[in-house]
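Contents: one structure, followed by commentary.
Sequence positions, counted from 1, serve as the residue numbers for this chain. Predicted model only: the values in this text are computed from it and were never measured. Ligands are counted one by one from 1 in listed order, and the atoms in each one are counted from 1 as well.
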Amino acid sequence: MFFRLLTLWLCWILDAVLTIEPSWSNFFIGEFVTFKCDMNEGKDTDWEYKTNKDGRELIRYSTIKEATESDSGGYSCRGRRDYFFSEWSDIITLTVSSSNRPVVTLYPNWSEIYRGETITVRCEIHGGDTEWDYEWETNSMIKAPNQNEYRIRSASSSNSGNYRCKGRMKSSQHETTEWSDSVTLTVSDNEPRPVLTVSPSWLSPGASVTLNCEVEHPSAGWSFYWYKAVPDLSEKSSSYELLPDGNGTAQDSYIIHGQTHTAGYVCRAGRGDPEYHTDHSRPKFVWSADVHSAASLTVSPDRVQHFTSDSVSLTCEGNFTEWRVRKFSEDGRLYSDCRRMTGSTCDINTSKSDTAVYWCESGSGEFSSAVNITVQNDGNGPILVSPVHPVTEGASVSLSCSLRTQKILSNVFFYHNDKLIENDPRGELKISAVSKSDEGFYKCQYSGRESAQSWMSVKGEQDQNI
Ligand SMILES: *[C@@H]1O[C@H](CO)[C@@H](O)[C@H](O)[C@H]1NC(C)=O
Ligand SMILES: *[C@@H]1O[C@H](CO)[C@@H](O)[C@H](O)[C@H]1NC(C)=O
Ligand SMILES: *[C@@H]1O[C@H](CO)[C@@H](O)[C@H](O)[C@H]1NC(C)=O
Ligand SMILES: *[C@@H]1O[C@H](CO)[C@@H](O)[C@H](O)[C@H]1NC(C)=O
Ligand SMILES: *[C@@H]1O[C@H](CO)[C@@H](O)[C@H](O)[C@H]1NC(C)=O
């Protein structure tokens, strides 16, 4: 009987228990750990406790306020009352490691995503071979499933939002990582439409033409597709034909060598896998003024400038039966309907909005030469009378100035590129043998009023047959 009591007493003495809070063993730098040493399940209060780390130091540990890696190690404790010591408790091993806060990444990581693109939001934990379950938190309208990877096959603005994730150990569900920083996914419901620029706008015969295709956020992984426009009179628009080697280029520019005729181009861009395509750009043109091309456009009366409400006829010439007249206005808009088309002639009663570049397109896909037409703004002011088509070197040309009511016969000043040509005012500016240096902008001035200025282009004799 006595022996039995002694055994119980001894057991009671030996029973020191170390616990920590939180009750797991992997901590991250900076976390707070509480140690608790108990005898007799906390019923005895007059024990003094000591905690031992790695069997060496005797320290009075009760908390670690901000864990560091050097706090890693085995901990045990024992109690002392008077001259009695309990045995050391079982050892608890604590691991303090650098933070394994996960990282959210977007693949691809373009700053703006468009509706319909494919994107993957990923939660990456660098936690060795630990297996994790994943949790997402997001303010997007569509929630991410609890997996490490959220693949959005066709994004929409409902996927926009901030995303953050954390991992939860598969083996020990109460052990989690911290939340990752949040990453913003922005899905735009706009369809991106690239903007094409064509340079130069007006061709010198045989020159190179450079196309540039610009998408917003140009660095973001686009490749480019290049097309020429093929007029299709049965539709309002045109159809597009891929240019040679134009099926996906890394560069956002494309060069056409030796272009001789008026032509239209469009581009579009694509990126990703599966590839997402933007809309086609609006068509842009390079214009040739060369009347010797298979198709040309003549203007009657034959001058660049016209008064408002003038009757002007635009006639398409060439061996084709079907035509449409196109117009590219100053504000960059393309029109294809002529209000009154009789055969191959379009009659217009001019208004200010008719200031534009005009050309013809045939039913079989030909572009004609192009002309500038300027409709005068100032109803009482003069217009410059200058040729619509380029003048050949060596030929003679005569510029004049006209009011709505009559041609002006005296007291006219002419300007070439804003420089007054002659001090001797007269009715006409006659150039008996035109040279390249006569090319440029001309305007006239009469009675304190100026006409608009118009370009007179001069072509070399050798260019005639191109
Ligand atoms: C996308 O990732 C690349 C490296 O993979 C990096 O250089 C670039 O800055 C990132 N872009 C954005 C918008 O995060
Ligand atoms: C353009 O390239 C894609 C593959 O990148 C191909 O599927 C397509 O048929 C090509 N189009 C033309 C007209 O060559
Ligand atoms: C039309 O005007 C532009 C300048 O506004 C000029 O560069 C171009 O050569 C002109 N075209 C013709 C056919 O005169
Ligand atoms: C042109 O239109 C204006 C009004 O828009 C009209 O007053 C004028 O008579 C028209 N001229 C011709 C030749 O049709
Ligand atoms: C016009 O086209 C027809 C058929 O395409 C051809 O037979 C004829 O020779 C052409 N005429 C001229 C002047 O080019």
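Within the 4.0 Å cut-off (strictly below), no protein heavy atom is located near atom 4 (C) of ligand 2. Protein non-hydrogen atoms do not reach within 4.0 Å of atom 9 (O) of ligand 2.
Summary of contacts: the protein heavy atom closest to atom 7 (O) of ligand 3 is Trp202 CD1, 3.9 Å. Annotation: atom 6 (C) of ligand 2 to nearest protein heavy atom, Asn247 ND2, 4.2 Å. Leu242 CD1, 3.3 Å is the protein heavy atom nearest to atom 13 (C) of ligand 2. Of all protein heavy atoms, the one lying nearest to atom 12 (C) of ligand 3 is Asn372 ND2, 3.3 Å.
Between Trp287 and Phe367, the distance separating the two ring centers is not shorter than 6.0 angstrom.
Of the possible donor and acceptor atoms, one in the side chain of Thr118 sits under 3.5 Å from a partner among the backbone N and O of Arg153.
Contact detail for Gln376 and Thr308: the closest heavy-atom pair is O-CG2, 3.6 Å.
Taking the charged nitrogens against the carboxylate oxygens, Arg193 and Glu214 have no contact shorter than 4.0 Å, which rules out a salt bridge. Contact check on Lys166 versus Glu137 returns no salt bridge, with no Lys/Arg side-chain nitrogen under 4.0 Å from an Asp/Glu carboxylate oxygen.
Among the atoms of Ser457, none of the N or O lies under 3.5 angstrom from an N or O of ligand 3.
The contact set between ligand 3 and Ala289, taken as ligand atoms under 4.0 Å from a residue heavy atom, comprises 13 (C).
Using bins of under 30°, 30° to 60° and over 60° for the plane-to-plane angle, the ring pair Trp222/Trp110 lands in the parallel bin.
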